[in-house]
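Within every chain, numbering begins at 1; the chains are lettered A, B, ... in the order of the sequence lines, protein sequences first and strands thereafter. Side-chain atoms are counted along with the backbone in the values below, which use heavy atoms only and exclude waters and symmetry mates. Just so it is clear, the model here is predicted, and its values are computed rather than measured.
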Number of protein chains: 2
Amino acid sequence: MPTIADVAAHAGVGQGTVSRVLNGSPKVRDATRARVLSAIELLDYRPNPLARGLSRGRCQTLGVVVPFFTHASAIERLRGVASGLDGSRYDLVLFNVESPVHRDEHIASITGRDRADGLLVLSLPVADRDLQRLTAAGVPVVLVDAPGTGVPTVVTDDRAGGRVATQHLVDLGHRAIGYLGHDPSNPFGFTATDDREAGYLEVLADAGLPVRRELIRYGPHDREAGRALAAELLAEPHPPTAIFASSDAQAMGVLAATEDAGLRVPRDLSVIGFDDVELSSYVGLTTVRQPLFESGRLGVELLLAALAGDPPPPTVHALPLELVVRSTTAPAPRRHDPNHISQPRGNAR
Amino acid sequence: MPTIADVAAHAGVGQGTVSRVLNGSPKVRDATRARVLSAIELLDYRPNPLARGLSRGRCQTLGVVVPFFTHASAIERLRGVASGLDGSRYDLVLFNVESPVHRDEHIASITGRDRADGLLVLSLPVADRDLQRLTAAGVPVVLVDAPGTGVPTVVTDDRAGGRVATQHLVDLGHRAIGYLGHDPSNPFGFTATDDREAGYLEVLADAGLPVRRELIRYGPHDREAGRALAAELLAEPHPPTAIFASSDAQAMGVLAATEDAGLRVPRDLSVIGFDDVELSSYVGLTTVRQPLFESGRLGVELLLAALAGDPPPPTVHALPLELVVRSTTAPAPRRHDPNHISQPRGNAR
DNA sequence: TTGAAAGCGTTACCAC
DNA sequence: GTGGTAACGCTTTCAA
């Protein structure tokens, strides 16, 4: 591999000059620049990123910490991230988090600009201590879909989203409304769905509906969990006529469980999700649309701005939510007993 | 940030000793080691990866080049990659390819161990010239789902897969079988679907079925393309009774187009895909299962082995394919005119 | 405008 | 075993 010294020798100039040419310094005579450029060409020289990084004190890399990056919602966000990064000079290193240990290890592993010039954290809360440490080390951090203090943050109003979803069901006449979400005490520290649950509870209260604890279940945001949880709900003596799942992934599971139980959506059960991932439109799932792509995109943009020396204030950017009504919600069956749903309920599988 | 020199000073030893401790050299007296370790602890010292990389000539990073990484099939592979990387000391940098230019830029940007210690390329062919350059530069390369010479490669027998899919349809009595795939002259150089098409053509020939060129269409491997292409096929004067889509993504589009046309699957049209992505099982799509996760996983394992100084021979690892029959294929409608399908065909939307 | 040389933080070789 | 000291390849003063 040719080095800058080789280029300098070939061009008959000093290393400094080559470096200046490389970095677009204006203080190089055109003739000299041309000589250097042709030497570079001739030798097919490429600067060594490691050496450059060591010397400049930064590594031209952005770290993205993301839990379960293969989940549809994470992918949508990453799509936004990738699109925002396109054309920039930064490489993207992916820190996948599948366990709370991962999360801490990854965050702890970033101690300065030698590992990542900036950090984008998705859906995971970051301890204030870490945030301060990172900031002090000159590594800007941007949080997406998670709380944190002192750094730019991109969020949505999950509580309002929870309200919108629940209100939609209430408006349809449902009075026994189940809720599926993440355990508030989950080890990852996810908080978004807590807020959605809060919104759900608020609307219930506003509507004068009782909170039935047995209709609230927690589990991971994937289809299988949703399926199992919904099966439990449907097996209740007084099952719900509607379920608000705090993610589309869980909602997909609810749909499956309904089918398993020989019931029909939305006739026997209304289902509303949260996120509006691509799949939801295929399936016709009613949901609360969250701008996933945009959140990822805005996240990098803020990070890039910080890196460009244009430090964005630690503002909380709230992205809009939107109710998307499709075909999995319908008016509640009219009955004297609002908790009674139509027979038969045998398992069709 | 404390440096190795600080640690050395605090421990009252030379830098070399600290380095030896850091790298687990056995030639350090226990007492000395303890002193160094406590100094490291005290200062909360972490080695600078850039400096380490520069000195050692490698960067502890694996590059993964992947086209359209948000596509379901790519995600499945990446999931395998991530799982194989878990526990290793390598970071994962993602090179997303959305255009042929991207591909070349990314490949060209890797010139040595300073950018990536190894390269995993998914679904994209790599020119022999690049392969040789990379190998010469000491950067091992592993190809997954793409051809290349002189490097370990993980593939499936796409031609056999194409045969299996088509034979399944033939066995069901279909005689007018459409095919959806990638344009063989696509600018990315994808070749997997060409082989699937070859398998399709072979089975047609074996079965004494004519090749109807108008029933073969090309487009990107996404749902929208599949939908548009299938709509064209269904609008043919003599439409097919079955369609083999060379990816599940396109097959999903076929399903949508069928619905658009007011037809029913599998009554009016049988559909078979390729890949068996997660969604396919939800939808009940008949398909040819390709071990996507496993291919990614095996890919990294081979790369890691190469990096561990255990260079795997440039073998072609062929992963098994499997026909997964679900509910989108059924016997061909029995008619005198095999090209005639049931009315009505009005657009139901 | 340019060259020389001092870092940047490690590793690795060479003496002791 | 251990310390001293060249690399590693680049950027960035500092003089000229």
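Evaluation of atom-type donor-acceptor distances gives no pair under 3.5 Å for the side chain of B:Arg56 against the base of C:dG9. B:Arg46 contributes no side-chain N or O that forms a donor-acceptor pair with the base of C:dG9 under 3.5 Å.
Whole-Å rounding puts the B:Arg58 CZ to D:dG9 P distance at 15 Å. Rounded to an integer number of Å, the gap from NZ of A:Lys27 to P of D:dA16 is 17 Å. Counting to the nearest Å, the P atom of D:dG1 and the CZ atom of B:Arg20 are 11 Å from each other. Spacing between atom CG of B:Leu50 and atom P of C:dT11 amounts to 13 Å, rounded to whole angstrom units. The separation between B:Arg35 atom CZ and D:dG1 atom C1' is 12 Å, rounded to whole Å. Between A:Asn23 atom CG and D:dC10 atom P the separation is 11 Å, expressed in whole Å. In this structure, B:Ile40 places its CD1 atom 13 Å from C1' of C:dT10, rounding to the nearest Å. Going from atom CD of B:Gln15 over to atom P of C:dA12 covers 14 Å, rounded to whole Å.
For A:Thr17, the listed nucleotide lying nearest its side chain is C:dG3; candidates were C:dG3, D:dC10, D:dG3. Among the nucleotides D:dT11, D:dC10, C:dG9, the one closest to any side-chain atom of A:Asn48 is D:dC10. Of the candidates D:dG3, D:dT2, C:dT10, D:dG3 carries the atom nearest the B:Val13 side chain, counting heavy atoms from C-beta on. In this structure, of C:dT1, D:dT2, C:dG9, it is C:dG9 that holds the atom nearest to the side chain of A:Leu54. If you check C:dT11, C:dG9, D:dT11 against the side chain of B:Thr3, the one that comes closest is C:dG9. Among C:dT10, C:dT1, D:dT2, the nucleotide with an atom closest to any side-chain atom of B:Ser55 is C:dT10.
Contact between the side-chain N/O atoms of A:Arg52 and the OP1/OP2 oxygens of D:dG9 is not found at any separation under 4.0 Å. Between B:Ser19 and C:dT10, a side-chain N or O to OP1/OP2 separation shorter than 4.0 Å is absent.
Contact annotation for A:Gly12: backbone-only contact, meaning every heavy-atom pair under 4.0 Å involves sugar-phosphate atoms and none involves a base. Among the protein residues, B:Asp114 comes within range of no part of the nucleic acid, since none of its heavy atoms lies under 4.0 Å from any strand. Across all strands, A:Val18 comes closer than 4.0 Å to no nucleic acid atom at all (heavy-atom distances).
Using modelled atom types and a 3.5 Å distance limit, the side chains of B:Gln132 and B:Asp130 yield no donor-acceptor pair. Side-chain contact of A:Gln290 with A:Arg77: a donor-acceptor pair under 3.5 Å is present, judged by distance alone.
Classification of A:Glu76 and A:Arg79 as a salt-bridged pair holds, one side-chain N sitting under 4.0 Å from a carboxylate O. Salt-bridge formation is detected for the pair A:Asp91/B:Arg115: a Lys NZ or Arg NE/NH1/NH2 atom is positioned less than 4.0 Å from an Asp or Glu carboxylate oxygen. Taking the charged nitrogens against the carboxylate oxygens, A:Asp114 and A:Arg58 have no contact shorter than 4.0 Å, which rules out a salt bridge.
Heavy-atom nearest nucleotides on DNA chain C were determined for B:Ile4 and for A:Arg29, and the one closer to the 5' end corresponds to A:Arg29.
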Check against side-chain contact (heavy atoms from CB on, under 4.5 Å), B:Ser19 and B:Ile4: CA-CA 8 Å; B:Ser19 178; B:Ile4 202 171; 4.0 Å; yes
